[in-house]
Amino acid sequence: MTAESKLLTMRDAIARHVPSGCMVLLGAQLEQMIPFAAGHELIRQSRRDLTLVGPISDILFDQLIGAGCVSRVMAAWVGNVSAGVGYCFRRAVERSIPPRLEVVDYSNFTMALALHAGALGVPFLPTYTTLGSDLLKKNGNLREFYSPVSEEKLVAVRALRPDVAILHVQRADAQGNAHIWGSLGVAVDGARAARKVIVVAEEIVEPSVIASDPNRTLIPGFLVAAVVHEPGGAHPSPVQGYHNRDHAFFAEYHEQTRRLDDFEDWLARWVVQIADRSDYWKRLGPGRVENLAVKEHAFSAPADFGY
Amino acid sequence: MARTETGLAADGYTFGELMVAAAARAIADGELVFVGMRLPMLAFLVARRTHAPSATGLFENGVLRETPSTELLYTMGDPANLRGATQCGSMLEVMGLLQQGRVDVGFLGAAEVDRFGNLNTTCGYRNKEMQRLPGSGGACDIACLARRTVVLLAHDRARLCDRVGHITSPGFGSGEGWRHAQGLPVASGPSAVITTLGVLRFGHDGEAYLASVHPGISVEEVLANTGWTLRVADELMETPPPSDEELQVMRELDPNHFWTR
């Protein structure tokens with residue numbers, strides 16, 4: 001008997017699994033494979049009071065904040081990696097536009113430990129990082145304590161259990177068993193820490209393809225609530241082996257979101273007035289899409305699982 | 001007048017290139033290096049191609065490289081930084097190496113650095129108005145745990161301030177003994193601050209001093225652009241300019257001066 005497919009459209013996956021008020025992990029693979037298509041669907045479906053969790057998200061957190069979807073950010077870094085600051089994030093913190101944004105500052109390591117603790121099912125993990133910093137003073141999920149087994153101070157990093165992790169991957173089967181390669185960041189722990197996972201895949205493949213290389217299966221399907229087939233859903237961030245980073249798009253976002261009015265125009269043009277991802281690709285135009293394509297493939301040597 | 005990273009220094013190289021060369025020389029052969037973005041990324045590549053051919057680079061996304069990437073990177077997650085990597089692991093793995101004390105040197109940028117090498121990348125004040133900055137990223141972790149940290153930033157009075165308003169990434173705190181009292185590892189802490197005007201190092205008391213000035217820069221200019229009374233080394237050096245070999249590598253990797261204007 002074949003298990004029921006978990007394939008959904010992006011619209012249905014977001015509608016069914018990501019309600020307002022929930023805690024969402026995005027950007028687990030740092031500058032690669034950021035689930036922009038899912039983030040844009042959250043904006044179109046007018047989610048509110050989301051808590052965003054992630055080490056960094058390049059410009060996705062900035063967009064969600066600017067669109068008014070977010071009441072809390074728990075992150076190590078919010079901005080535009082190749083261009084600088086995120087103007088929506090700054091407006092929200094400095095001028096309360098939109099209002100009520102709470103920021104909980106982490107470092108990358110403490111974010112990774114919080115998700116690892118969640119993945120291990122323990123309430124906290126110890127570390128030396130952040131000792132002496134103002135992150136430790138201001139983030140209530142980082143607490144100094146005295147080691148019970150060694151004579152020293154440590155920081156307890158409280159476990160995080162996001163309601164949903166949205167992870168863009170190279171390929172998955174219809175059950176959500178997913179192959180990821182390249183930039184992993186906190187994806188493996190993020191998938192296990194979260195209460196449910198939405199996998200967004202460049203390609204949907206047969207289970208036999210997944211089982212042909214089980215070391216590369218970083219998300220087992222039983223953790224996955226929905227699988228979305230959305231090629232290019234990570235644009236403008238790159239997907240190793242599928243398309244390159246659209247550096248110009250990040251620079252344009254920086255220029256076109258400096259003022260609030262300009263951001264609203266940007267949001268209308270690239271998110272609100274866009275029906276779905278195929279519509280988005282049309283707006284990007286064939287020249288740009290072609291320009292981002294992989295110029296030279298570099299396949300790994302096959303691993304022999306024979307016996 | 002503060003000079004910025006966009007200024008052209010004497011002899012046909014930019015201040016950015018001078019900073020990259022100085023940063024590259026902070027890497028010894030065989031070392032494990034936590035590589036940041038922008039100028040430090042170039043510095044690592046220059047070091048690898050010149051005096052430190054067996055240095056290994058770690059990136060926060062989990063990437064470990066023993067060969068420099070072949071093209072200019074805008075982010076550590078660019079496909080060119082992953083192709084040809086020795087390992088693509090997780091963030092926790094590279095952070096674990098850092099916490100074990102295995103990472104010899106880590107590079108950091110900053111909006112502000114103070115006289116004890118504390119860094120702020122969280123929030124600053126300009127004209128009395130609060131400015132929210134992106135935050136730590138991995139900077140706090142590197143500053144806490146790397147055996148040495150090297151900071152790169154443009155030199156002006158606002159950015160080199162007496163005490164930072166927010167310690168995102170701890171240096172020597174308030175001076176001698178502070179890191180130990182906080183519980184930070186014994187072998188850790190700031191080693192150098194490389195600016196557009198010179199190089200600062202730290203005394204046993206944890207306070208910065210001017211160790212070298214860049215060619216064509218006067219001590220007075222450095223002091224006038226520093227937000228506290230900066231001590232000057234008894235044997236003040238001139239920062240050695242980039243060698244032809246170093247410049248060649250930088251320009252091969254960054255022909256349009258995207259990072260080293």
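Note that the coordinates shown come from a computational prediction; the quantities given were computed from them, not determined experimentally. First the proteins, then the strands, lettered A, B, ... as listed; each starts at 1.
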Check each atom of [X] against the heavy atoms of chain A and say whether the ones under 4.5 Å are side chain, backbone, both or neither.
X        : value
B:Cys144 : side chain
B:Ala85  : neither
B:Leu133 : backbone

Quiz item: Between A:Leu154, A:Ile56, A:Leu30, which residue shows the highest count of heavy-atom pairs closer than 4.5 Å to chain B?
Solution: A:Leu30
Chain B heavy atoms under 4.5 Å from [X]: which part of the residue, side chain, backbone, both or neither?
X        : result
A:Val188 : neither
A:Leu135 : both
A:Leu136 : neither
A:Val155 : neither

For the candidates [options], which exhibits the highest count of non-hydrogen atom pairs separated by less than 4.5 Å from chain A?
options                     : answer
B:Ala80, B:Gly77, B:Pro79   : B:Pro79
B:Cys88, B:Gly135, B:Pro134 : B:Pro134
B:Gly173, B:Ala181, B:Gly89 : B:Gly89

Quiz prompt | Within-4.5 Å side-chain heavy-atom neighbours: A:Leu113 and B:Leu92 | solution = yes
Anything under 3.5 Å between chain B and chain A that's a donor-acceptor pair? List each one with its distance, please.
from     : atom 1 : to       : atom 2 : distance (Å)
B:Arg38  : NH2    : A:Val81  : O      : 3.0
B:Glu60  : OE1    : A:Asn108 : ND2    : 2.4
B:Asn61  : O      : A:Gly185 : N      : 3.2
B:Gly77  : O      : A:Gln32  : NE2    : 2.9
B:Pro79  : O      : A:Gln240 : NE2    : 3.1
B:Arg83  : NH1    : A:Glu296 : OE1    : 3.1
B:Met91  : N      : A:Gly185 : O      : 2.9
B:Gln99  : OE1    : A:Thr127 : OG1    : 2.5
B:Gln99  : OE1    : A:Tyr128 : N      : 3.0
B:Arg132 : N      : A:Glu94  : OE2    : 2.6
B:Arg132 : NH1    : A:Asp105 : OD2    : 2.9
B:Arg132 : NH2    : A:Asp105 : OD1    : 2.7
B:Arg132 : NH2    : A:Asp105 : OD2    : 3.4
B:Pro134 : O      : A:Val78  : N      : 3.0
B:Ser136 : N      : A:Ala76  : O      : 3.0
B:Gly137 : N      : A:Ala76  : O      : 2.7
B:Gly137 : O      : A:Asn108 : N      : 2.8
B:Asp141 : OD1    : A:Ser107 : OG     : 2.6
B:Asp141 : OD1    : A:Thr129 : OG1    : 2.6
B:Asp141 : OD2    : A:Ser107 : OG     : 3.3
B:Asp141 : OD2    : A:Asn108 : N      : 3.3
B:Asp141 : OD2    : A:Phe109 : N      : 2.8
B:Ile167 : N      : A:Asp134 : OD2    : 2.8
B:Ile167 : O      : A:Asp134 : N      : 2.7
B:Ala181 : O      : A:Lys153 : NZ     : 2.9

Self-check item: Residue list, side chain to side chain contact (heavy atoms under 4.5 Å, CB included) with A:Leu184, at least two apart or on another chain
Solution: A:Ile180, A:Leu218
